[in-house]
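Comments concern the structure below.
Chain naming here is simple, since letters A, B, ... match the order of the sequence lines and numbering starts at 1 in each.
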Number of protein chains: 2
Amino acid sequence: MEKPGSAARAVEQLRNAMINGELAPGTRLSETSLTGPLGVSRNTLREAFSTLIEEGLLVRQPHRGVFVASLSPAQIADIYRVRVLLECSALSQAPTDPPRAAGLRTAVDDAGRAADAGDWRAVGTANMHFHEQIVALAGSPRLDSWMRQLTAELRLAFVTAPDPEALHRPFVAMNDAITSTYEAGDAHRAADMLRDYLLTSERVVLGNLP
Amino acid sequence: MEKPGSAARAVEQLRNAMINGELAPGTRLSETSLTGPLGVSRNTLREAFSTLIEEGLLVRQPHRGVFVASLSPAQIADIYRVRVLLECSALSQAPTDPPRAAGLRTAVDDAGRAADAGDWRAVGTANMHFHEQIVALAGSPRLDSWMRQLTAELRLAFVTAPDPEALHRPFVAMNDAITSTYEAGDAHRAADMLRDYLLTSERVVLGNLP
DNA sequence: CACACAAGAGTTGTTGAACAATCTGGGGTT
DNA sequence: AACCCCAGATTGTTCAACAACTCTTGTGTG
């Protein structure tokens with residue numbers, strides 16, 4: 001068993017609070033007023049801030065404080081540009097003989113179950129997991145880490161969306177179709193589908209901003 | 001003018017010390033014994049460590065200390081896999097009408113001058129700058145940031161090389177050729193050349209490990 | 001009324017010290 | 001040689017204090 005350590009625990013709590021929407025983008029995180037609820041000292045809290053800043057979930061304005069990151073349309077467009085590059089490359093170069101679709105399939109199934117239950121936040125989580133699994137096909141730990149960072153940041157754009165169902169539902173079926181195409185051995189066609197998928201996803205996300 | 005702040009200054013000093021080879025990979029950085037030379041307190045030093053760990057230049061072994069990262073052959077192979085993906089994509093999709101080769105050209109010139117002077121460390125710096133400029137063609141701030149991180153880590157593999165000339169000299173001419181091909185408007189051929197370039201570079205780096 | 005400016009409060013940046021938790025190395029025992 | 005235990009050293013964490021900076025407020029001046 002791992003022993004998280006106070007700093008790592010604070011990081012986890014803050015990250016979950018942001019993903020669950022309890023901390024809206026743009027809100028200021030005061031150091032002194034957070035030491036109490038998190039039960040850590042100011043120094044440890046600053047260390048937790050540092051890692052979250054490196055992950056892009058927080059931004060620091062010197063001598064002014066740290067704020068929950070809020071993505072501009074330009075930043076979202078940048079994220080999708082990178083996603084197209086990473087995911088399509090990984091999928092089109094993935095082995096097809098045999099295909100390694102186990103991770104994709106479980107993510108798709110999770111998304112389907114969550115959609116049936118109407119839990120759109122869980123659908124979003126499963127969808128992000130699906131895309132992380134696509135990048136995992138490249139077999140690069142570094143790309144995996146970067147992709148996790150991308151999905152974490154992108155979720156900040158989800159929590160403020162007024163219509164989460166519109167944001168996540170259309171993509172469950174697309175995930176299934178892409179996975180099936182890849183399982184059938186046609187990685188390049190799956191990658192083409194994925195590219196279209198990402199472009200429409202970008203439009204949907206940009207259309208759901210405040 | 002910017003006012004770096006103590007933590008940022010310590011980060012800069014440590015990073016330069018690593019790039020210049022004064023801190024060999026694998027050496028242990030004791031907290032107490034570094035507060036003196038850097039003139040910062042232990043807490044500030046730990047914050048500096050945190051950022052360098054996030055950048056991949058240091059690694060922390062819990063309750064044992066922080067060490068200068070040393071790249072395993074597998075990690076170097078991973079870096080080159082990612083470089084091929086990023087750089088070749090950026091170059092093949094770069095605009096050719098007109099080509100935006102100004103940044104590339106200045107980096108090539110810098111490398112040439114440093115090679116004439118026999119300053120191989122400066123040649124390596126200019127070469128890394130060349131590749132950062134290639135990724136910059138994609139126009140993505142995020143990719144720029146990731147690429148800077150890659151080059152910084154890769155330099156850790158350079159400082160221990162027994163023959164720095166063999167590590168950097170062959171690539172000055174190749175940079176020139178790739179830039180000329182791109183300037184002539186053939187981005188795809190330039191990308192193909194770059195791919196071969198990177199594969200041979202990987203072999204050279206792996207052959208120059210301790 | 002509009003505006004510049006100074007004082008004040010509040011927050012962040014940094015330091016130093018203290019204590020707990022953990023690793024390291026050596027000595028003794030079997 | 002293998003094992004156990006202990007002292008020393010180092011890291012992990014917290015606390016308290018002060019300096020540096022920002023923002024707000026209030027005041028005086030034109």
Side-chain angles (χ1 to χ4, degrees), chain A residues 1-18 22-70 72 145 156, chain B residues 1-18 22-70 72 145 156:
Chain A
M1 271 306 233
E2 283 230 340
K3 212 134 170 250
S6 292
R9 221 174 320 143
V11 168
E12 209 57 35
Q13 291 190 36
L14 287 174
R15 203 198 326 256
N16 288 338
M18 283 187 276
E22 303 162 16
L23 291 175
T27 55
R28 180 162 169 272
L29 298 185
S30 164
E31 296 185 351
T32 56
S33 63
L34 272 183
T35 54
L38 292 177
V40 298
S41 106
R42 240 183 96 211
N43 288 345
T44 308
L45 184 63
R46 282 174 66 83
E47 211 154 316
F49 280 168
S50 290
T51 76
L52 289 169
I53 287 170
E54 287 294 325
E55 292 179 11
L57 297 176
L58 300 178
V59 292
R60 154 164 287 147
Q61 302 186 6
H63 290 104
R64 298 213 30 211
V66 299
F67 300 80
V68 180
S70 71
S72 68
S145 159
L156 289 179
Chain B
M1 270 309 227
E2 289 225 6
K3 205 122 174 268
S6 288
R9 220 176 319 147
V11 168
E12 209 57 35
Q13 291 190 35
L14 287 174
R15 201 194 332 250
N16 288 338
M18 283 187 276
E22 302 162 17
L23 291 174
T27 54
R28 178 163 171 274
L29 298 185
S30 164
E31 296 185 351
T32 56
S33 63
L34 272 183
T35 53
L38 292 176
V40 299
S41 115
R42 204 160 76 97
N43 286 337
T44 307
L45 184 63
R46 281 177 67 84
E47 219 166 283
F49 281 168
S50 290
T51 77
L52 289 169
I53 288 169
E54 290 293 328
E55 292 179 11
L57 297 177
L58 299 178
V59 292
R60 154 164 288 146
Q61 302 187 6
H63 292 106
R64 297 216 28 214
V66 299
F67 300 79
V68 180
S70 70
S72 68
S145 159
L156 289 179

Check the distance between D/dT14's P and B/Glu47's CD and give it to me in whole angstrom.
15 Å
Is it true that B/Arg9 and B/Glu12 have a side-chain N and a carboxylate O under 4.0 angstrom from each other?
no
Separation of atom CD1 in B/Ile53 from atom C1' in D/dT11, rounded to whole Å
12 Å
DNA chain D: 5'-proximal contact among A/His63 and A/Val40 (nearest heavy atom):
A/Val40
Here the distance between atom C1' of D/dT10 and atom CZ of B/Phe67, to the nearest Å, is 11 Å
Could you tell me the separation between the CG atom of A/Asn43 and the P atom of D/dG12, rounded to a whole number of Å?
14 Å
Could you give the CD-to-C1' distance, from A/Glu31 to D/dC15, as a whole number of Å?
15 Å
Which nucleotide in D/dT13, D/dT11, C/dT12 has an atom nearest any side-chain atom of A/Ser30
C/dT12
Can you see if the side chain of B/Ser41 gets near the phosphate of C/dG16 - specifically, an N or O under 4.0 Å from OP1 or OP2?
no
Interatomic distance, A/Leu38 CG vs D/dC15 P [rounded to whole Å]:
13 Å
Using a cut-off of less than 4.0 Å, is there contact between a side-chain N or O of B/Arg28 and OP1 or OP2 of D/dT10?
no
Whole-Å distance, B/Leu34 CG to D/dA9 P, equals 18 Å
Quick one: is A/Arg46 getting a side-chain N or O under 4.0 Å of the C/dT11 phosphate, OP1 or OP2?
no
In whole angstrom, give the distance that lies between atom CG of A/Leu45 and atom P of D/dT13.
13 Å
Donor-acceptor pair present, B/Arg64 side chain and D/dG12 base, under 3.5 Å
no
Heavy-atom closest pair, residues A/Leu58 and A/Met18
CD2-SD, 3.8 Å
Taking atom types as they are modelled, is there a donor-acceptor pair under 3.5 Å from the base of D/dT13 to the side chain of B/Arg42?
yes
Do you know the tightest heavy-atom contact between A/Val59 and A/Ala69?
CG1-CB, 4.2 Å
Where is the tightest heavy-atom contact between A/Ile53 and A/Arg60, given as atom of each residue plus distance?
CD1-CB, 3.6 Å
Can you name the closest pair of heavy atoms from B/Pro25 and B/Val68 and give their distance?
CA-CG1, 3.6 Å
